[in-house]
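A quick write-up on the structure given underneath.
Each chain gets a letter, A, B and so on, in the order the sequences are listed, and its residues count up from 1.
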There are 2 protein chains.
Amino acid sequence: MALSRSSSFTNDKIVNKSNKRITIVDIAKELAVSPSLVSMVLSGNGKKNRISEKASKRVTETAKRMGYNPNLLARALRTGKTGVLGLIVADISNPFFATLARLIENEASRYGYGVMFASSDEEAEKFNKIGNVFITKQVDGLIIVPVKESMEIISEWHSRNIPIVSIDRYYESLNIPYVVSDNFDASYTMIKYLRKKGHNKIAFIVRNTNISNFKERECGFLACANHLSLSSEQFHVFKLDNDNWKKELQIIIDKILTEGFDVIFFGQNMLGVEGLRILNKLKIQIPDNLGVISFDNSDVFEFNKPRITCFEQPLKKLAETTLVYLTNIIDDKIDDKQTYAKFKGRLIIRESC
Amino acid sequence: MALSRSSSFTNDKIVNKSNKRITIVDIAKELAVSPSLVSMVLSGNGKKNRISEKASKRVTETAKRMGYNPNLLARALRTGKTGVLGLIVADISNPFFATLARLIENEASRYGYGVMFASSDEEAEKFNKIGNVFITKQVDGLIIVPVKESMEIISEWHSRNIPIVSIDRYYESLNIPYVVSDNFDASYTMIKYLRKKGHNKIAFIVRNTNISNFKERECGFLACANHLSLSSEQFHVFKLDNDNWKKELQIIIDKILTEGFDVIFFGQNMLGVEGLRILNKLKIQIPDNLGVISFDNSDVFEFNKPRITCFEQPLKKLAETTLVYLTNIIDDKIDDKQTYAKFKGRLIIRESC
DNA sequence: TTGTATGCGTTATCAA
DNA sequence: TTGATAACGCATACAA
């Protein structure tokens, strides 16, 4: 390969010397027309600018022949559009977010966007830093999973007119479009199911944070408990602080076991997986000694024995709608105020309760 | 913070109204110096260009005061460096790649790079398209997981002098740096372990492709079988074509069960998970009726009952080394020929065999 | 329907 | 040690 003198590949270095990148100017020269004409055609605005069919054709053809590739950087500098979206999740290695990321990737590419990602680890500081990096890199829009204490950060971005859609979680008081599942309904449904199955003493474990999704799960839980006239002995909410939550979880589970709850309701994917790890280690018999139900689906819940009943979020819908919203904001097609979507998920009944 | 009027955050809106983006020209005017001086200081080349301490300080200070943010697009257009890396994995929603992506994200950010990702779904066509999008977007480098039939595509990119590091898989004949685990050793180790446990008839399931990792796993398997003088009845390699592999897997597993193999060796994470799903559905007793061992670790393998013995890859090392290589190539610090790293992983012994 | 001129914000070259 | 000026490649308002 390195020997063939005539191949355009192998000559790259040599060719590069004489032959810099092909630009619209080169094409214009070749055709003896103006660069602007070429630009209009090649940027897809030929029709809009009423360029003649013939001229258009000539341009596109020689562009192809000369091996023209638009310099997106130059275009971006000029137009302010990079064609890149920024995605901030809590942790891309968490299957929940990885799945979400994949769906978002698919949708984004349908609209011609690439996506940069980064993980916040649920830390506001990282969240802030990442977002600012994205903004500095001039992403056209941001898809964010808010974290604890991130409201002001997001608000600040919003005030700079960065197109943002919040996914999975949201801040009601921010006028930022959001796409979430109906966590209230989900909790409610799950509790009703537990009651129907005859469970009498329910332990609900959730993160101690004001983030919408966790809060709504808790509210759904409490509302349903209230609606079903459960006494305060029949249910309890256990809250985990973010730092060192694994240790706390261990302690809470010990407590739950000694206090004779008959079912644990994990308020999140990660809590469910980690909780299950602990329960398995303790060799707790599920569902005989203890029922288990968890938010979010996961391969783990399917492979654990017994398989774990859970509530699956409609991730595909979330991703789809998020991109509809975001592209609309970017294209100035919607007022971003009060735009939101809430989708219902589904209970997947298995053997754990 | 939100109350302090002097904070740069709260004043942002007010500033934004009257004030378009602050550029080095604005700063230059303010200080009555030339834009080039400002540029030199702000781009960190002050020392190199022997700008006086005093001038440097004045520039940085007023830049901060005026709320200057460099326009990375303009810089990128000028320098040709975007500060973005492109990552092509087979599927970001696959926990194996999601974990890898997270580790790469961490490393990349240490070097000041952002990362765009996309999934090839093991399809050469998508792989090609994605990579070209990345290149068009002028990423500074590419981290790729090659797929079947992707050699020429990669070679073409390489010939265009795109910095590339291949991870997890590689093409020997391409002079492209790669970072992989020692798949040969892994297979070898696993088989030796199986033999030691007394297994006599081993079914090895792997994808039918020439991609390095799968090929080496197969070679390791065969070499070890040979080394241990296994007869041809004592082992067999089953190969799956990519399209519709799930159905094929089902058929192969049926065959394995009827032909009385006493252990299945899954040559990949996904095969292991899907295979296990099938075995569980058939209510096969593991390890009594059939032993199971798989490549790659996974939560599923930990939660399945019995837990699945597997071989874990040293993902962190892969990610670290990949970024060392890639940044070196980008900075022209190494000759990219014949640079590679192979790391050994570890066997995780559990109850499935 | 086409062409001209200018700017996007930086950096790099050269001269002072 | 600093400044003037020319690119980087493209898109657009305006003129023809």
Side-chain angles (χ1 to χ4, degrees), chain A residues 16 19-60 62-63 66-84 135-140, chain B residues 16 19-60 62-63 66-84 135-140:
Chain A
N16 268 342
N19 199 13
K20 334 157 285 186
R21 155 173 227 136
I22 307 262
T23 73
I24 47 172
V25 176
D26 299 321
I27 300 175
K29 272 185 193 149
E30 176 86 8
L31 289 172
V33 295
S34 83
S36 52
L37 173 78
V38 178
S39 167
M40 287 168 183
V41 174
L42 259 28
S43 60
N45 296 334
K47 285 253 168 81
K48 211 176 70 190
N49 293 72
R50 292 170 303 180
I51 308 290
S52 68
E53 275 293 322
K54 211 182 82 186
S56 280
K57 204 169 174 186
R58 253 162 46 96
V59 168
T60 45
T62 58
M66 296 176 73
Y68 170 74
N69 278 110
N71 183 327
L72 264 36
L73 248 34
R75 182 178 289 173
L77 177 60
R78 188 62 237 261
T79 61
K81 305 265 171 223
T82 52
V84 177
I135 292 169
T136 308
K137 287 202 189 301
Q138 246 116 322
V139 294
D140 290 341
Chain B
N16 266 343
N19 204 5
K20 339 159 280 185
R21 158 168 229 137
I22 308 259
T23 74
I24 47 173
V25 176
D26 299 321
I27 299 175
K29 273 185 193 151
E30 176 86 7
L31 289 172
V33 294
S34 83
S36 46
L37 187 144
V38 178
S39 167
M40 287 168 182
V41 174
L42 261 26
S43 61
N45 295 335
K47 284 256 168 79
K48 211 176 71 190
N49 293 70
R50 294 172 302 182
I51 307 291
S52 67
E53 275 293 321
K54 211 182 82 188
S56 279
K57 204 169 174 186
R58 253 162 46 94
V59 168
T60 45
T62 57
M66 295 176 74
Y68 169 75
N69 277 112
N71 183 328
L72 263 38
L73 247 34
R75 180 177 290 171
L77 176 61
R78 192 60 238 259
T79 61
K81 303 267 171 221
T82 53
V84 177
I135 292 169
T136 307
K137 287 203 191 299
Q138 245 114 325
V139 294
D140 291 341

Practice task
Whole angstrom is fine here: how far is it from NZ in K29(B) over to C1' in dA4(D)?
Solution key: 15 Å

Problem - Rounded distance in Å - CG (L42(B)) to P (dG9(C)) - result: 15 Å

Practice task
Just call it for V25(A): base, sugar-phosphate, or nothing, with non-hydrogen atoms closer than 4.0 Å on any strand.
Solution key: nothing

Completion exercise
Here the distance between atom P of dT12(D) and atom CG of L77(A), to the nearest Å, is 13 Å

Exercise for the section: Using a 4.0 Å heavy-atom cut-off across all strands, classify A55(A) as base, sugar-phosphate, or nothing. Expected result: sugar-phosphate

Handout entry: Over 12 foreign heavy atoms within 6.0 Å of NZ, K57(A)
Key = no

Practice task
From the options dA13(D), dT1(C), dC10(D), select the nucleotide whose nearest atom is closest to the side chain of N71(A).
Solution key: dC10(D)

Exercise for the section: Whole angstrom is fine here: how far is it from CZ in R58(A) over to P in dT2(C)? Expected result: 9 Å

Practice task
Ignoring backbone atoms, test whether R75(A) places a side-chain nitrogen or oxygen under 4.0 Å from the OP1 or OP2 oxygen of dA11(D).
Solution key: yes

Practice task
Find the distance between CD (Q138(B)) and OG1 (T82(A)) and round it off to the nearest 0.5 Å.
Solution key: 12.5 Å

Problem - Minimal non-hydrogen separation, S34(B) against A28(B), with atom names - result: C-CB, 3.7 Å

Practice task
Could you tell me whether the phosphate oxygens of dT10(C), OP1 or OP2, come under 4.0 Å of any side-chain nitrogen or oxygen in T79(B)?
Solution key: no

Fill in the blank from the handout: R50(A) CZ to dT2(C) C1', in whole Å, measures 11 Å

Handout entry: Sugar-phosphate only, base, or nothing, as touched by P35(A) at under 4.0 Å among non-hydrogen atoms
Key = nothing

Exercise for the section: Take the protein atom CG of D26(A) and the nucleotide atom P of dC10(D), then report the distance between them rounded to whole Å. Expected result: 9 Å

Exercise for the section: For a side chain to side chain contact (heavy atoms under 4.5 Å, CB included) with V25(A), tell me which candidate from I22(A), T23(A), I27(A) qualifies. Expected result: T23(A)

Practice task
Compare the minimum distances between each of dT10(C), dT12(D), dT2(D) and the side chain of Y68(B), then state the nucleotide with the smallest one.
Solution key: dT10(C)

Exercise for the section: Provide, to the nearest angstrom, the distance between the CE atom belonging to M40(A) and the C1' atom belonging to dT2(C). Expected result: 8 Å

Exercise for the section: Could you tell me whether the side chain of T79(A) and the main chain of R75(A) form a donor-acceptor pair under 3.5 Å? Expected result: yes

Practice task
Establish, with yes or no, whether the OP1 or OP2 oxygen of dG3(D) is under 4.0 angstrom from a side-chain nitrogen or oxygen of S34(B).
Solution key: yes

Completion exercise
By nearest-nucleotide position on DNA chain C, the 5'-leaning member of S43(B) and A74(A) is A74(A)

Exercise for the section: Indicate whether OP1 or OP2 belonging to dA11(D) is found under 4.0 Å from a side-chain N or O atom of S39(A). Expected result: yes

Problem - Nucleotide dA11(D), atom P - distance to CD1 of I27(A) in whole Å - result: 11 Å

Practice task
Have a look at L37(B) and say if it touches a base, only the backbone sugar-phosphate, or nothing, with a 4.0 Å heavy-atom cut-off.
Solution key: sugar-phosphate

Handout entry: Base dT4(C) to side chain S36(A), donor-acceptor N/O within 3.5 Å cut-off
Key = yes

